Amino acid sequence: MADTGRLFAVLAAFDTPERLVEAVRAVRAQGFAQVDAFTPFPVKGLEEALAFRDNRVPAAMLIGGIVGAAGGFLMQVGTNLDYPLRIGGRPLIAVPAFMMITFELMVLGAVLAALAMMFMANRLPRLHHPVFDADGFDLSADDRFYLAILADDHFDRNEAGRALAALGPDAIIDVRERPRS
Amino acid sequence: MMMMRLIPGAWGDEMRLSVEAATLLTPLAAAAMVPVLIGMAAVYPWVGDRSPSAFKLLWLSPVPFITRTLLRFGAQWWLGHRMRARRGQTVTAGAGVVLMPVLTSLVAVDWLMSLEPDFASSAFGLEFMQREVIIAFCVLLLLRLGMGREPRRLGVLGGLLLTLLLLSAYFLFLPFFVIWSSNLAPNVEWYARRWGTGWEAVAWTFGLLAGVPLLALLLARARKSASWLKPLSAAVILSSLLQLGWTVLPGRGGLAVLAFCASVVGLGLLGVALLPMALRHRVRARLPAEARR
Amino acid sequence: MNARLNAADRVLRLPPRFPAPRAWWICFGFALSLLGLFLASVAWLFGHGPGIWGNNIPVGWGFPIANYIWWLGIGHAGTLISAMLLLMGQGWRNSLNRFAEAMTLFAVTCAGLYPILHLGRPWLFYWMAPYFNTMNVWPQFKSPLTWDFFAVLTYLIVSTLFWYIGIIPDLAAARDRARKMRWKIFFGLGALGWRGQATHWARWQQAYRLTAAIAVPLVVSVHSEISLLFAAGPVPGWVSTVFPPYFVLGAAFSGFAVVSMLTVWLRWMLGLHTLVTLRHLNMLGCLLLATGMMTAYGYAAEMFTAAYAGGKEAETLFDRFVGPYAWSYWGAILFNFVPLQLLWWRRWRVRPILLFLIGLSATIGMWMERYMLLVSSLYRDWLESSTGTFHPTFWDWSLFAGTIGLFLTLFLLFVRFLPVISAFEVREEAVDG
């Protein structure tokens, strides 16, 4: 069944994280741009090897925090102006008393924004993905670290296959998308 | 210093020699206290006052006061000595982290809180310690950055400074907030005096001087660069000193302000002069052992 | 290294092939019976109102609020272990953080129920939230009770999310490890399609570390805020500026005590000796000792300041020493700090049974402390007219035992069905050496 769909990527399996990182460097040096990896746990040095540069998550957190804090503070000011409650001889807008909720909502805004951005940027959640069909794909194994060259429009299966084979991986696997029925 | 021994990590190695050097300055700090002890009657309103409660009468009288001060410096010197000798450090450090906060809190009450005998705040000792630690840390950071090669893991030290600043904000805001909320007489008056003409500006200044570094340190780049950390820690030192003045001085007249500024500058200069000397002394003391290895 | 990898693999197989079914069922049966007590108490409460408890004027708070603070405090340790030690780069936390965080969730659940049940009209609890309503009123934002609502809600949401994004990679691994279809579906749905892509990991790490970084101040703020329930009111024995840090440390202390107990118990029941080694017990002992001694500092500072300030504060202090609730004061000191001193010696720290007992003792001690702070201040106010003692009733105790049952039930379900230790982080650590 897997032979019928469009080619998604070519995977090469390595048995240690160090070999994977080396292989990523080598493949990228040969000019492949669409390179990614699949690992059972975060591998040190892989981000640098892939030249990962994406600060959307920290940025989302900062913006979420600012929005949360401002929203929290203004909510308290607004409701106090709308329905004045004069309590204990405090000024109507008692800034020290508003700090607690401002802080809590800042944290809430920051965390929600960061996590939402993480999921959106990763295109998760999803029920299925082509790599799950790959033979032996198993995130619970400690000796399978996959290098992937993703297929794009001018992708040459043979060229990619040769480049991967030169690295001496344990296996080379074609990953195809399931045909839509 | 003691904490360093107990919490393993990169930061200890980076700062070790500087910290050891700083413990050599204990006698200087003790010496600075001598004029205060001599002029006690002029400084503290409770000397000779027979009105307060029995407990206070007993607690705040010259002999116990001097005893506690001596104990504090004695303990500091003794612990510093043991740590410099690098023998039995875990035990010493264990004793130190129990002993020093207690003694320091007691002298914090003696030296500063009792300046206004009606004010009683149970977080005062913690506030005081926090301020001490942040001043010490910034001075040592500057010393470390000014001398020798750049620390390898500067980000850790930057992160530590950020943590200390957050803690400062916490210890500054919450006692105020508790007292503001309950609104009970003697303690609220203490804050009211510190919010009067002039002092409010001081409060804003030290708030800004610490607040701007706090925000700046949220950026990873600022935490990792020596050229950022230098001005930031200088600002934090200035802020903490201002805050100290703000805690101590209101209601004490212009002369006290002048005296405070003069003594801070004088002691600061002395410290600046002596610290590098002490560091060189430490480096020399450690050299033979390392050369042998 | 290989032993640790095998052990990590075993964690993933725990749910489908549970090693200790009998022990689990015995514990679960016990937990369920307590849960039954919880349901009965709540049903009785809904039928008859809070009058079934000992709460009355002047001690209007009684058990519900004392227990609420106690549970919430326990919860904080999970976040602290997980987030603070992650930021400090202490790898040994990887064996403890998952179930410590689960403990947080369930303890906060128990805590959150208390103020709602205490309301009298619990079905109107949403009045705390600011929403547009036909009455045209808003919550009173200068009250610690409103801050509390936001603090606990934020804390519950953030700690749930933190725990969940931490467990996703393990669910994915368990999905790939499982043989039976139903386990594959169960874990697969939970894993949200996680496939370990490198760019995903990079973003995941950013999000996880940043959430951890903000979770630590969150814990501090939440429990400081709880302390303001006390410290912000002009009640003798409560207006103490050391309360916020003192409450936070006390919370961490009671939480580490419960983590120690759970660690020893799980290690024994599931045979996790390769992952939870003597080193972990040693470190837990150190943490317990450190937070315990800091809590002791809080006691000392508060006591000293009350004596120093004199007046009503000193009277309350004296009353705590010898008054009708002196048992709770001395009990707190005894249970919190006396057995704790054994932990100065490594020899005692690595004895699992002893660590368990010291944890238990500290848990009891901290409960007494919360009780003491609450009751001994409320029952004698500034005014002679507003005095009156508090005596817990059967329903006070039954609801308290019931929340313990709720906690245990949830925790046992977690142990049975989800990976109790962060396997991927253990593996990462093992491979990095």
Side-chain angles (χ1 to χ4, degrees), chain A residues 16-17 24 36-44 46-47 50 52 54-58 61 65 72 75-76 79-80 82-83 85 87-88 90 94 97-98 100-101 103-105 107-108 110-112 114-115 117-119 121-122 124-129 131-132 137-142 146 148, chain C residues 5 8-9 12 130 136-144 146-147 150-151 153-155 157-158 161-162 165 169 172-177 188-189 192-207 210-211 214-215 217-218 221-222 224-225 228 423-425 427-428 430-432:
Chain A
T16 66
V24 168
D36 212 326
F38 295 91
T39 59
F41 46 80
V43 170
K44 280 215 178 69
L46 196 53
E47 278 175 50
L50 286 168
F52 172 83
D54 182 355
N55 282 326
R56 277 182 291 171
V57 171
M61 186 164 215
M75 168 186 78
Q76 298 175 78
T79 51
N80 267 287
D82 183 46
Y83 190 86
L85 283 168
I87 305 280
R90 311 283 158 192
F98 294 169
M100 284 292 161
I101 293 183
F103 182 81
E104 305 303 343
L105 289 182
V107 172
L108 188 64
V111 169
L112 288 181
L115 297 189
M117 180 51 87
M118 191 264 283
F119 278 111
N122 285 350
L124 289 176
R126 57 187 293 168
L127 285 172
H128 190 71
H129 190 270
V131 295
F132 292 152
F137 185 83
D138 182 355
L139 287 181
S140 71
D142 301 305
Y146 296 97
Chain C
L5 286 178
D9 188 49
L12 297 175
N136 269 325
V137 291
W138 296 103
Q140 205 274 84
F141 281 117
K142 287 161 209 161
S143 156
T146 330
W147 310 336
F150 280 87
L153 206 62
T154 302
Y155 186 53
I157 294 172
V158 170
L161 288 174
F162 187 58
I165 58 166
R175 168 197 66 200
D176 294 347
R177 192 74 181 73
L189 286 177
L192 302 179
W194 184 260
R195 54 185 183 273
Q197 202 164 336
T199 43
H200 291 189
W201 275 121
R203 288 193 197 98
W204 179 91
Q205 277 192 311
Q206 286 176 334
L210 285 171
T211 309
I214 209 166
L218 174 67
S221 84
V222 168
S224 301
E225 196 284 317
L228 291 174
F424 78 93
E425 281 170 306
R427 290 193 287 174
E428 183 189 359
V431 169
D432 283 348

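Proteins get letters first, then strands, A, B, ... in listed order; numbering begins at 1 in each. What you are looking at is a predicted structure, and each value in this text was computed from that prediction instead of being measured.
With contacts defined as side-chain heavy-atom distances shorter than 4.5 Å, the pair A/M100/C/L228 qualifies. Here the side chains of C/W147 and A/E104 are not in contact, with every heavy-atom distance at 4.5 Å or above. Between A/L139 and C/W194 the shortest side-chain heavy-atom distance falls below 4.5 Å. Residues A/L112 and C/L161 have side chains in contact (heavy-atom distance under 4.5 Å, counting atoms from C-beta outward).
When the salt bridge (charged side-chain N to carboxylate O under 4.0 Å, His left out) test is applied to C/D9, the partners found at least two apart in sequence or on another chain are C/R13, C/R177. In this view, A/R126 satisfies the salt bridge (charged side-chain N to carboxylate O under 4.0 Å, His left out) rule with no residue, not counting sequence neighbours.
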Given the rule in the side chain to side chain contact (heavy atoms under 4.5 Å, CB included) test, do A/F52 and C/R203 qualify, once you have shown the distances and angles that lead to the verdict? CA-CA 10 Å; A/F52 172 83; C/R203 288 193 197 98; 3.8 Å; yes
With side chain to side chain contact (heavy atoms under 4.5 Å, CB included) as the test, would you mind laying out the steps for A/F119 and C/I165 before giving the verdict? CA-CA 10 Å; A/F119 278 111; C/I165 58 166; 4.2 Å; yes
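Across every non-hydrogen atom of C/A173 and A/S140, the tightest pair is O-CB, 3.3 Å. Nearest heavy atoms, C/F141 versus A/M75: CZ-CE, 3.8 Å. Across A/P40 and C/F424, no two heavy atoms sit closer than the pair O-CB, 3.9 Å. Taking each heavy atom of A/L127 and C/L189 in turn, the nearest pair found is CD2-CD2, 4.0 Å. Heavy-atom minimum distance, A/F132 versus C/G193: CZ-O, 3.9 Å.
The parts of A/V107 that come within reach of chain C are both its backbone and its side chain, each placing non-hydrogen atoms under 4.5 angstrom from that chain. When heavy atoms are compared at a cutoff of 4.5 Å, A/A141 approaches chain C solely by way of its backbone atoms N, CA, C and O. The contact between A/Q76 and chain C is made by backbone and side chain atoms together, counting heavy-atom distances below 4.5 Å. Heavy-atom distances place no part of A/Y146 under 4.5 Å from chain C, backbone and side chain included. With a 4.5 Å cut-off on non-hydrogen atoms, A/L108 touches chain C through its backbone and its side chain both. Of the atoms belonging to C/P130, it is side-chain heavy atoms, and not backbone ones, that fall under 4.5 Å from chain A. Contact annotation for C/P217: both backbone and side-chain heavy atoms come within less than 4.5 Å of a heavy atom of chain A. The contact between A/A110 and chain C is made entirely by side chain atoms (from C-beta outward), counting heavy-atom distances below 4.5 Å. Contact annotation for C/Q205: only side-chain heavy atoms (C-beta onward) come within less than 4.5 Å of a heavy atom of chain A. For A/P17, the part lying under 4.5 angstrom from a heavy atom of chain C is the side chain only.
Ranking A/V43, A/V131, A/L105 against chain C, the residue ahead of the rest is A/L105, based on heavy-atom pairs under 4.5 Å. Heavy-atom pairs under 4.5 Å with chain A peak, among C/A423, C/P169, C/A207, at C/A207. Looking only at heavy-atom pairs under 4.5 Å with chain C, the residue among A/L85, A/V24, A/T16 that has the most is A/L85. The candidate from A/H128, A/H129, A/M118 with the greatest count of non-hydrogen atom pairs under 4.5 Å with chain C is A/H129. Between chain A and the residues C/E425, C/R195, C/R175, the largest count of heavy-atom pairs under 4.5 Å involves C/R195. With respect to chain A, the highest number of heavy-atom pairs below 4.5 Å among C/V137, C/L12, C/N136, C/V222 belongs to C/V137.
Note that CG of A/D82 is 6.0 Å distant from CH2 of C/W138, once rounded to the nearest 0.5 Å. Atom OG1 of C/T146 sits about 10.0 Å away from atom CZ of A/F98, to the nearest 0.5 Å. We find the NZ-CD1 distance between C/K142 and A/I87 to be 6.5 Å, quoted to the nearest 0.5 Å. To the nearest 0.5 angstrom, C/H200 atom NE2 is 11.5 Å from A/T39 atom OG1. Atoms CG and OG1, on A/D36 and C/T199 in that order, are 4.0 Å from each other to the nearest 0.5 Å. Atom CD1 of A/I101 is separated from atom CD of C/E225 by 8.0 Å, given to the nearest 0.5 angstrom.
At distances below 3.5 Å, at least one donor-acceptor pair connects side-chain atoms of C/Q206 with backbone N or O atoms of A/D54.
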